[in-house]
Amino acid sequence: MKIYDSQQKTKREFIPQEKNNVTLYVCGPTVYDDAHLGHAKSALVFDLLCRVLRANGYEVTYARNITDIDDKIIKKAQQENKSIKEITEFYADAYNKEMSKLGVIRPDIEPKATESLDAMIEFIQKLIDANHAYKTEDGDVYFDTSSDNEYLSLSKRVQEEDDKKQRVESSLQKRNSADFALWKSVKDGSVTFDSPYGKGRPGWHLECSAMIEKHLAKPEFKFSVDIHGGGADLLFPHHENEAAQTRCATDHTLAAYWMHNGFVNIDGEKMSKSLGNSFFLKDALREYDGEVLRFYLLSTHYRSNFNFSTVDLELSKKRLDKVYRLKKRLFGLSEANDASEFKDALLEALSDDMNISLALSLIEEMISSANERLDCAGKHKELKKETISNLAFIEDVLGFGVKNPYEYFQSGVDAATKEKLSELISKRDVAKKEKDFATSDKLRDEILAFGVNIMDTPQGTFWEKI
RNA sequence: GGUGCCAUCGCCAAGUGGUAAGGCCGCAGCCUGCAAAGCUGCUAUCCCCAGUUCAAAUCUGGGUGGCACCUCCA
C-alpha cells in the first residue's frame, strides 16, 4: 500500500510500526452546528482509507475525536438558551446519523474533549516541567514555540519577522507570536473547568495530542500513531501545533504518515457561512440517497479540491445506478467469495494512495463486461457467481451497492404510489399481450407521470424512480 | 507579500519519460411493437514558448491562467 505523506510531500510505501496493526487518528468535528459537505468528505475519505487498509489485511484501530469544548459551542448554547451538553449531544448525534447514511463506518474510538480533561492537564504539566510552556499573569498557559527547534517542520512554513514583531507587541504576555494557548483562563464565569492553573478551558490543539497519547500511543514505538488525518486546512496551525506538543511532552513523534483531504468548494468558491453558500449534509440528504452522495464525494481523488455541482452529482447517481442495475440483474443468487483478477486490480488501484478514478474505471469495465456476457444466451453459472462476488467486494471496500437494488431504485416512493404503479404496470402488461399498443403507451405515459422510468426485461417490467 | 498546489476531449476525471483509462453528453448500430435498460462502434496529442532526451502530457526553465493556506475552519 502506498500513501502520500503530506509532511514529506511524497507518495511512499506504507509500513505500520506493528506488523499487522495500524493506528489511525482523524480530526473530527466541533459539534456546534450541522455537518456540511466538507465534514462528509473528510469522514468519507478516511472511511475509505480504513476499508482499504482492512482489505489489505491490516487490523485497524481508528479513532476520530469529537470536540465538545469550544467557544463556538458556548456561543450557540447562549443563542439558543440551551445547555452546552444539549448542544453537543444534539449535533454529535446528528453528525453520526448523517454519516451513517453515507455508509461511513463508526470509528473504533470516538473520544470527546470533555472526557479527556485529565489527560490534557497532565499533558500541559509535562510541557511546563520541560520548559516548553509557560504561565502568564492572566492565568493562561502558552506553548513556547521558540523552545521547539522542529517547530514548522510539518507545514514547512516560514515565519516572517515583521509579522512576529507586530504580534508580540499586540499580545505582551506571549513570548512569541506563534505561541498558542494550552489553557485559556476564563474569568467571566461562563463555562469553565478546574485546573492547577485556575479555572478555564483547554486550547483546541491540545485535545488531539492528549487523546492520541491516551488512546492509541504505545511506549515501545517511535510514533504515537501510524497515520494522522484531517482536512487540508488543519495542516497549519492545528497539526503543526499538535506535532510540537507531542514532540516536546512525550518520547513520541506524533505521526509516521500525515494525510490531508482536499476541500469541498461550491461554484469554485470555498464554502462558508459568510458567502452564504454552505451546503449542509442534511439538506443534500433530503434530495439524494446517502449512497449517491457517498459515491459523488468519493469520486474524485481525496487530495484534490472538490467542486460541488448538482450536474456532477446527477452523474454520480447514473454511475451508481449501473452498479445497482447489475446487482438487480443477479438479485437473489447466492454469493461466493472467490478471488478474481478484478478484485486484485481494484484493491491495487485503491492501495495506490486511493486512486479512486482508476478504481471506478475498473468497476465500470467489469460491469460492462459482465452485462455483455450476460446478454449472450446461456446459463452463465460461473459468470454469475463471479460477478456477485465482485459486487460484494465493491460493497466491502467502497461501500457502494450495499442496499437491496429494488429498494435503492424505489426509495422515497410511498406505499400507495407503489401499489398504483404496480396496478398500472399489470394493466399495461395485459394491453401489451393483446398487442393493444395504443393503450399500453397511454399507460406508460401515466406511469412516467409519477416521475419514474420503466423497463421491460425478460423477468418482467420494472420501474425506477428518476 | 510569504508558502504550496494545479492547468488533459463540450463536462467530470485517471495517467507523471515509451507513444492518451473510465464516466456523462453527442452520433451510428444491435436489442425492443415503440421506448427504457443493456451492448457494440465513433469522438482529444494533453494552456503557451524554449530546452533535455532515441523518446515528454509526463523532466527543466520562462510565460499565462486558476486555486489553497498564512494562527476560526473538514
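In the text below, chain A, chain B and the rest are named by the order of the sequence lines, each starting its count at 1.
- When the P atom is used for both B:A57 and B:G65, the distance is 25 Å, rounded to whole Å.
- Across the C1' atoms, B:U45 and B:A21 are found 15 Å apart, a figure rounded to whole Å.
- Seen from the ring of A:F193, A:R201 does not count as a face-on cation partner, given the 6.0 Å and 45° thresholds.
- Contact annotation for A:F180: no contact, since no heavy-atom pair falls under 4.0 Å across all strands.
- Using a 4.0 Å heavy-atom distance criterion, A:G38 is classed as a base contact.
- Base pairing of B:A44 is not made with any nucleotide, judged by Watson-Crick or G-U wobble geometry with both donor-acceptor distances under 3.5 Å.
- No hydrogens or angles were tested; on distance alone, nothing pairs the side chain of A:R444 with the base of B:A36 as donor and acceptor under 3.5 Å.
- One interatomic measurement links the two molecules: CG of A:D352 to C1' of B:A21, which rounds to 14 Å at whole-angstrom precision.
- In this entry the distance linking CD1 of A:I466 with P of B:A35 reads 17 Å, nearest Å.
- Remark: C1' of B:U71 and NZ of A:K184 are 12 Å apart, rounded to the nearest angstrom.
- Comparing the P positions of B:A13 and B:C67 gives an interatomic distance of 15 Å, to the nearest angstrom.
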Listed pairs, N/O of protein and of nucleotides 37-40 of chain B, under 3.5 Å:
| from | atom 1 | to | atom 2 | distance (Å) |
| --- | --- | --- | --- | --- |
| B:A37 | O3' | A:R325 | NH1 | 3.3 |
| B:G38 | OP1 | A:R325 | NH1 | 3.3 |
| B:G38 | O3' | A:N371 | ND2 | 3.2 |
| B:G38 | O2' | A:D375 | OD2 | 2.9 |
| B:C39 | OP1 | A:S368 | OG | 3.2 |
| B:C39 | O4' | A:D375 | OD2 | 3.3 |
| B:U40 | OP1 | A:E372 | OE1 | 3.4 |

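- Proximity of A:K318 to the phosphate of B:C25: a side-chain N or O atom is located under 4.0 Å from OP1 or OP2.
- Listed nucleotides: B:A13, B:A74, B:C11. Nearest to the side chain of A:D312: B:C11.
- Within the nucleic acid shown, A:D441 comes within 4.0 Å of at least one base atom, counting heavy atoms only.
- Electrostatic pairing of A:K433 and A:D429 does not count as a salt bridge here, judged by no charged N lying under 4.0 Å from a carboxylate O.
- The existence of a salt bridge linking A:E364 and A:K322 is excluded, since no basic side-chain nitrogen approaches an acidic carboxylate oxygen closer than 4.0 Å.
- Comparing B:U43 with B:C6, their C1' atoms sit 27 Å apart, to the nearest whole Å.
- When each of B:A74, B:U71, B:G23 is scored by its nearest atom to the side-chain atoms of A:L315, the top-ranked nucleotide is B:G23.
- Of the candidate nucleotides B:A21, B:G2, B:A35, B:A21 has the atom lying nearest to any side-chain atom of A:S357.
- Atom CZ of A:F236 is separated from atom C1' of B:A68 by 15 Å (rounded to the nearest Å).
- Taking atom P on both B:G18 and B:U60, the two are 15 Å apart, rounded to the nearest angstrom.
- In this structure B:U16 sits in no base pair that meets the Watson-Crick or G-U test at under 3.5 Å.
- Across the protein-nucleic acid pair, A:N265 atom CG and B:C12 atom C1' stand 15 Å apart, rounded to whole Å.
- Using Watson-Crick or G-U wobble geometry with both donor-acceptor distances under 3.5 Å, B:U3 finds its partner in B:A68.
- Nucleic acid contact class of A:V264 (heavy atoms, under 4.0 Å, all strands): base.
- Rounded to a whole angstrom, the distance from the C1' atom of B:C31 to that of B:C39 is 8 Å.
- The residue A:K435 sits apart from the nucleic acid: no heavy atom pair falls under 4.0 Å.
- For the residue pair A:N65 and A:T67, a side-chain donor N or O sits within less than 3.5 Å of a side-chain acceptor on the partner.
- No donor-acceptor contact under 3.5 Å links the side chain of A:R319 to the base of B:C24.
- Here the separation of B:U58 from B:A28, taken at their P atoms, is 37 Å to the nearest Å.
- Cation-pi geometry between A:R175 and A:Y134 is met: the NZ or CZ atom falls under 6.0 Å from the ring centre, inside 45° of the normal.
- Across all strands shown, A:F263 has heavy atoms under 4.0 Å from base atoms, whether or not it also approaches the sugar-phosphate.
- Nucleic acid contact for A:H238: none, since no nucleic acid atom lies under 4.0 Å from a heavy atom of the residue.
- When the nearest nucleotides of RNA chain B are assigned to A:G28 and A:S361 by heavy-atom distance, the more 5′-ward of the two goes with A:S361.
- The side chain of A:R157 has B:C70 as its nearest neighbour among B:G33, B:C70, B:C73.
- For A:N355 against B:G15, a side-chain-to-base donor-acceptor contact under 3.5 Å is absent.
- Each of A:K403, A:R294, A:K101 was compared with A:D289 under the side chain to side chain donor-acceptor pair (under 3.5 Å) criterion, and only A:K403 meets it.
- The CE atom of A:M354 sits 17 Å away from the P atom of B:A13 (whole-angstrom rounding).
- Residue A:F306 is the one, among A:K432 and A:F306, whose nearest nucleotide of RNA chain B lies closer to the 5' end (criterion: closest heavy atom).
- The partner of B:U60 is B:A50, by the rule that a Watson-Crick or G-U pair needs both atom distances under 3.5 Å.
- Comparing B:C11 with B:C25, their C1' atoms are spaced 8 Å from each other, to the whole Å.
- Counting only N and O atoms by type, the side chains of A:T439 and A:D436 include a donor and acceptor under 3.5 Å apart.
- Using a 4.0 Å cut-off between charged side-chain N and carboxylate O, A:R12 and A:D5 make a salt bridge.
- A:K435 NZ: 12 or fewer foreign heavy atoms inside a 6.0 Å radius.
- Counting to the nearest Å, the P atom of B:A74 and the CE atom of A:M99 are 11 Å from each other.
- Between the NZ atom of A:K9 and the P atom of B:U3 there is a distance of 13 Å, rounded to whole Å.
- Remark: the backbone N or O of A:T23 is paired with a side-chain donor or acceptor of A:D226 at under 3.5 angstrom.
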